[in-house]
Protein chains: 2
Amino acid sequence: MEKQTVTIYDVAREAGVSMATVSRVVNGNQNVKPATRQRVNDVINKLDYRPNAVARGLASKKSTTIGVIIPDVTNAYFASLARGIDDVASMYKYNIIMENSDENDQKEMLVLNTLLAKQVDGIIFMGNRVTDKLREEFSHSRTPIVFAGSVDDQQSVPSVSIDYVKSTVEAVGKLIKEGSKKVAFISGSLSEPINGKYRLAGYKQALQQAGLKFDEKLIFETDYSYEAGIKLASQLKGTEISAAFVGDDRLAAGVLNGLTDQGVKVPEDFALITSNDTQVAQLVRPQLTSITQPLYDIGAVSMRLLTKLMNKEEIEEPIITLPYGLDSRETTQK
Amino acid sequence: MEKQTVTIYDVAREAGVSMATVSRVVNGNQNVKPATRQRVNDVINKLDYRPNAVARGLASKKSTTIGVIIPDVTNAYFASLARGIDDVASMYKYNIIMENSDENDQKEMLVLNTLLAKQVDGIIFMGNRVTDKLREEFSHSRTPIVFAGSVDDQQSVPSVSIDYVKSTVEAVGKLIKEGSKKVAFISGSLSEPINGKYRLAGYKQALQQAGLKFDEKLIFETDYSYEAGIKLASQLKGTEISAAFVGDDRLAAGVLNGLTDQGVKVPEDFALITSNDTQVAQLVRPQLTSITQPLYDIGAVSMRLLTKLMNKEEIEEPIITLPYGLDSRETTQK
DNA sequence: ATTTTTCATGAAAGCGTTTTCGATACTTGC
DNA sequence: GCAAGTATCGAAAACGCTTTCATGAAAAAT
């Protein structure tokens, strides 16, 4: 016995009303006589009627679904944002279609298009850079979008993040103040604005404030992985470098563990500050001093912003900067 | 100028064919003369036509979307599974609606229902227990479902996981063989079959094989968190217990760090084996010896199984058990 | 040359809702 | 009691696509 799906029409017939009325009670429209509402609700329960969201979406042109483009769910940083996004999304009755992009240009285009095809009401984009093609696609579509945990360097898209320049100035400044003359700057690709533009600027600014000269050789561009950190650690050993600012926690954990495994004492011989305050930073020993970010909130606020955009509400400020902190743990003097 | 969406009808008119023909070329149906196909494709490009997936879904009764119920994306274990799921899902052109359940019964029911309302073609469920209500809901619906990383203890639902009993026997066996007479069993709620039924059974079996007596006092039931581990560590210190099997990596990391911080030497004074082989296990120092699970594959295989179910293909074996391993790292003798 | 098959296409009926617009039935005010 | 307003409801037209069925044309078989 194939379960025949019960439609709004069945309910209407059974309750002796029109589809319009059923639709009204389902959607909480007030123009229904209480008695009728009751009758319809009874039938709904009796028949176990569940509105078909797809049909609803077609008729209303709203899918109550938003698309989330995430580099990799497996990355704790992005996963935390995602959690914030999801929580406020469900608060507002939206569902989330999540797509891993691997920060691959082609894949990003692809998922963006399928998201648009699915008629998502809005999109949250996570990633460290935006290609021109992608930006163009964004502006073409009528679908609102917000960047979470990153800024469009043209500042043309609503976004929420922390102040990467200032936080880096502070972190590097601390390293210098605690006695390091040679502070390495370790990050992912410098072609990503967050690194090449903001963090690097902060690094230089901190140097300048301390009257130190910028040295190209202290800049290490690598990828965001634990392994890359381990490898970097061997390069670092035996140099004059005695501290490092690192743009990613897993990378930092690699550097730390690599250093420690080689007998370098952290923080005595080498100080370290990382950037994302992911749980990783607290799991390793010694615990990583880190810039702290309201990860969950970045996601949550992004989603909240998106709901406003979708409602065409007036937005006071589309580029939101959330407060950050600097938590001194065990890889700096204190 | 509000961008007027271009529909299949516009393409049809412009190309001088019927909607049916356009639909055919869009869907790769072979019954179209190459010349016509070409003409239609040209118009599609010219007009930048993108099929509306919602309308498509309504007409075809397929959403090409699957629902994923995950306890918490922020948990590395589940995130890894999710990644596997997503990769093969997109391989098969499915999109994923992801819902965090927090393993909360009520929330699970809720998300299941919205998933069903959205007409997902299939569901992947992650979680450690299934309430009867949920099970009933599953069986009511015609939507195929598979459990990833857990088993329905009634074995009535397709699932993919590892053999929790055998892997635990092996892990606990190793601990005993290496000299521990008192091995603690530390896990999350015993009401979850994975703990109370399978792992515990494995634990007892290992004891029995070694001729050891089961001792209620060695069973520690807590929650899966780093903090819980830290707390547990103080309880453990000073007892005769000299080893522990732990059901979760973050929990294990907590125990390890807690022990170490109190001056207990691991593995010399206390040996530890954890269960999920999440990256956490390798980040901590000493690195946690762990049962290894093919996390990504569990997700991937689950999704593959689901595609078969959705295609109504013949399934040889709906309860899939993937191979596990035991990686001796630094929290056991070797 | 005629009959069959096969191919290519179009007309139109859904798919299950929402929503507009008008109609009817009640209230209310006077 | 009657006009005017208001609350309640229904008919039916979308929404943008897929899919069945019929049809005519072209190809193959006789």
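Every chain is numbered from 1, with letters handed out A, B, ... down the list of sequences.
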*If the plane angle is over 60° it's perpendicular, under 30° parallel, otherwise tilted; pick one for B/Phe125 and B/Phe147.*
tilted
_Check this one for me: any side-chain N or O of A/Ser18 less than 4.0 Å away from OP1 or OP2 of D/dC9?_
no
*Has A/Thr5 got a side-chain N or O lying under 4.0 Å from the OP1 or OP2 atom of C/dG16?*
yes
_Rounded to whole Å, how long is the line connecting atom CG of A/Asn29 with atom P of D/dG10?_
13 Å
*Mind calculating the distance between CE (B/Met19) and C1' (D/dT19) to the nearest angstrom?*
11 Å
_Before you tell me yes or no, could you show the steps for B/Arg142 and B/Asp121 under salt bridge (charged side-chain N to carboxylate O under 4.0 Å, His left out), namely the whole-Å CA-CA distance, both residues' side-chain angles and the distance that decides it to 0.1 Å?_
CA-CA 9 Å; B/Arg142 278 260 139 301; B/Asp121 296 333; over 6 Å; no
_Donor-acceptor pair, side chain of A/Asn52 and main chain of A/Ala55, under 3.5 angstrom_ = yes
*Nearest listed nucleotide, side chain of B/Lys33, among D/dC9, C/dT9, C/dT17*: C/dT9
*In whole Å, what is the span from the NZ atom of B/Lys118 to the C1' atom of C/dT17?*
14 Å
*Quick one: label A/Arg37 by what it contacts on the DNA or RNA (base, sugar-phosphate, nothing), any heavy atom closer than 4.0 Å.*
nothing
*Under 3.5 Å, side chain of B/Gln119 to main-chain N/O of B/Gly57, donor-acceptor pair present?*
no
*Look at B/Tyr49 and D/dC17 and indicate whether a side-chain polar atom (N or O) is within less than 4.0 Å of OP1 or OP2.*
yes
*Send over the distance from A/Leu58 CG to C/dT19 C1', rounded to a whole Å.*
13 Å
*Let me know the distance between CZ of A/Arg39 and C1' of D/dC9, rounded to the nearest Å.*
11 Å
*Touch check for A/Val54, heavy atoms < 4.0 angstrom, all strands: base, sugar-phosphate only, or nothing?*
nothing
*Calculate the interatomic distance between B/Ile8 atom CD1 and D/dC15 atom P; express it in whole Å.*
15 Å
_Using heavy-atom distances to pick each residue's nearest nucleotide on DNA chain C, tell me which of B/Pro34 and B/Ala59 is more 5'._
B/Pro34
*If only side-chain N and O atoms of B/Asn52 are considered, is one of them under 4.0 Å from the OP1 or OP2 phosphate oxygen of D/dC15?*
no
_Phosphate-side-chain proximity, A/Asn31 and D/dC9, N/O vs OP1/OP2 below 4.0 Å_ = no
*asked:* Just so I know, are the side chains of B/Ile96 and B/Thr65 near enough to count as touching, which here means a heavy-atom distance under 4.5 Å?
replied: no
*Do the side-chain N or O atoms of A/Lys62 get closer than 4.0 angstrom to the phosphate oxygens (OP1, OP2) of D/dC15?*
no
*Name the nucleic acid region contacted by B/Thr21, choosing base, sugar-phosphate or nothing; use a 4.0 angstrom heavy-atom cut-off, strictly under.*
sugar-phosphate
*Starting from P on C/dA11, measure out to OH on B/Tyr9 and report it in whole angstrom.*
10 Å
*Please walk me through it: do A/Arg83 and A/Asp87 pass salt bridge (charged side-chain N to carboxylate O under 4.0 Å, His left out)?*
CA-CA 6 Å; A/Arg83 190 60 218 260; A/Asp87 281 357; 3.1 Å; yes
_Regarding D/dG10, can its base be found pairing with the side chain of A/Arg24 as donor and acceptor, where the two atoms are less than 3.5 Å apart?_
yes
*Select base, sugar-phosphate, or nothing to describe what A/Val17 touches, counting heavy atoms under 4.0 Å on all strands.*
sugar-phosphate
*asked:* Once you apply a heavy-atom cut-off of 4.0 Å, does B/Thr7 come out as touching a base, just sugar-phosphate, or nothing?
replied: sugar-phosphate
*When the distance from CG of B/Asn27 to P of D/dG16 is rounded to whole Å, what number comes out?*
17 Å
